[in-house]
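Remarks on the structure that follows.
Atom set for the values below is all heavy atoms of this structure, side chains included, hydrogens, waters and symmetry mates excluded.
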Amino acid sequence: MTESANQPTRLTRREALQGAIALVGGSIAASQLAPLASALAEGRQAAPRFLSDELFAVLERTADLVIPETDTQGALGARVHYFIDGMLADWANESSRETLTRAIRQIDDAARRHHDSAFVTLDAGQQFALLEAIDRDAYDRTDADVPFRKLKELILLGYYSSEVGASVELRFNPIPGPSIGCVPLVDIGRAWYKHGGF
């Protein structure tokens, strides 16, 4: 394990999780973020809580293809599929649940249309080619409502808000640059305001 992997990631993970929650259209108190991240890291979830077993298997394989394991853990090692299922179960609104479930279902439907078989039963080359075509089509379209885009964004957010994504894959720096305590106001033009929040 590298030295950067031992750095605290709470703030970075909190911000990323808030972004993920906004993506699925829910709301959550900041105090609930740490337990969510901890539960996912400890692997308390053994079975999907929102998705059917069939859709969960499609999501698991899709996440693995989007961020495969290389010299660092990929989406499976970061348990991104459990992260997304948990977001759908606990914080997503109905519209987001429908959009993300539709995105997963469309992947399996495309496999059945093109290969007359479920997505998870295809060989890795067929799965990759199919997902590549779906991805290309999703990003070639100009309309805003493209379910696969939302799913891919959530996979990326889930991965880069995980410990491995935030501190091993990326080089996390909790203190970026020097902090200068006293600077004359004339040098900076105006003072900073920071809302303390309640």
Side-chain angles (χ1 to χ4, degrees), residues 16-17 19-26 36-37 40-41 43 45-166 168-170:
L17 285 167
I21 289 159
L23 183 66
V24 295
L36 171 63
L40 291 171
Q45 299 174 354
R49 295 175 44 232
F50 178 80
L51 295 169
S52 67
D53 289 342
E54 181 183 4
L55 290 181
F56 187 74
V58 173
L59 171 63
E60 181 178 16
R61 186 64 188 123
T62 300
D64 186 33
L65 287 166
V66 171
I67 307 176
E69 182 174 332
T70 56
D71 56 337
T72 59
Q73 289 182 328
L76 291 188
R79 300 176 58 80
V80 169
H81 46 306
Y82 284 101
F83 171 81
I84 293 173
D85 184 65
M87 296 297 285
L88 291 172
D90 297 329
W91 290 290
N93 62 30
E94 285 306 314
S95 173
S96 295
R97 285 177 175 160
E98 193 279 328
T99 297
L100 291 163
T101 303
R102 184 161 34 114
I104 299 166
R105 191 171 286 115
Q106 285 173 345
I107 294 167
D108 199 49
D109 290 346
R112 293 176 191 277
R113 244 188 347 268
H114 295 288
H115 299 284
D116 205 26
S117 188
F119 181 72
V120 296
T121 64
L122 301 179
D123 66 48
Q126 291 173 317
Q127 290 173 334
F128 184 83
L130 186 69
L131 208 58
E132 186 177 44
I134 291 169
D135 185 82
R136 189 172 38 255
D137 178 63
Y139 287 93
D140 282 347
R141 293 173 55 182
T142 56
D143 52 317
D145 182 30
V146 182
F148 182 77
R149 281 193 214 164
K150 297 294 184 192
L151 177 62
K152 189 174 180 182
E153 288 171 17
L154 199 53
I155 290 170
L156 294 172
L157 273 167
Y159 181 72
Y160 287 107
S161 65
S162 72
E163 183 175 356
V164 66
V168 178
E169 176 72 19
L170 298 178

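The shortest heavy-atom contact between L88 and A92 is CA-CB, 3.9 Å. The minimum heavy-atom distance linking A118 with T121 is given by the pair O-OG1, 2.7 Å. A110 and I134 make their closest contact through CB-CD1, 4.1 Å (heavy atoms, listed as atom of the first residue, atom of the second, distance). The heavy-atom pair separating D53 from P48 by the smallest distance is OD1-CG, 3.4 Å.
Taking 4.5 Å as the limit, every side-chain heavy atom of F56 sits out of range of all side-chain heavy atoms of I84. Using a 4.5 Å cut-off on side-chain heavy atoms (C-beta onward), T99 and S96 make no contact.
In this view, R105 and L55, T101, D109 satisfy the side-chain contact (heavy atoms from CB on, under 4.5 Å) rule, not counting sequence neighbours. For D143, the salt bridge (charged side-chain N to carboxylate O under 4.0 Å, His left out) criterion is met by R141, not counting sequence neighbours. With sequence neighbours left out, the side-chain contact (heavy atoms from CB on, under 4.5 Å) criterion links Q106 to R102, P147. Residues satisfying the side-chain contact (heavy atoms from CB on, under 4.5 Å) test with E60, not counting sequence neighbours, are L76, H81. For S52, there are no side chain to side chain donor-acceptor pair (under 3.5 Å) partners two or more places apart in sequence or in a different chain. Evaluation of the side-chain contact (heavy atoms from CB on, under 4.5 Å) rule for A111 yields F119, L122, L130 as partners, not counting sequence neighbours.
Open room surrounds CG on D116; 12 or fewer heavy atoms of other groups in view lie less than 6.0 Å from it. Shown here is F128, whose CZ atom has no more than 12 heavy atoms of other residues, nucleotides or ligands within 6.0 Å.
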For residues 63-70, run the donor-acceptor check on the side chains, cut-off 3.5 Å, and write out each pair with its distance to 0.1 Å, sequence neighbours left out.
| residue | atom | partner | partner atom | Å |
| --- | --- | --- | --- | --- |
| D64 | OD2 | R61 | NH1 | 2.6 |

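Between the CZ atom in F148 and the CG atom in L100 there is a gap of 11.5 Å [rounded to 0.5 Å]. Rounding to the nearest 0.5 angstrom, the gap separating the CZ atom in R112 from the OG atom in S117 is 7.0 Å. For the atom pair CG of D123 and NE2 of H115, the computed distance is 8.0 Å after rounding to the nearest 0.5 Å. To the nearest 0.5 Å, atom CD1 of residue I155 and atom CG of residue L151 are 4.0 Å apart. Rounding to the nearest 0.5 Å gives a distance of 13.5 Å between CZ of R79 and CD of E163.
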Start with the C-alpha distance between L59 and V80, add both sets of side-chain angles, then the distance that settles side chain to side chain contact (heavy atoms under 4.5 Å, CB included), and finish with yes or no. CA-CA 9 Å; L59 171 63; V80 169; over 6 Å; no
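For an aromatic pair to be called close, the ring centres must be under 6.0 Å apart, and Y159 with F83 fails this.
Within the structure, salt bridge (Lys or Arg N to Asp or Glu O under 4.0 Å) pairs that include any residue of residues 124-139 comprise D135-K152 (at least two apart or interchain).
Here D90 pairs with R49 in a salt bridge; the nearest charged N to carboxylate O distance falls below 4.0 Å.
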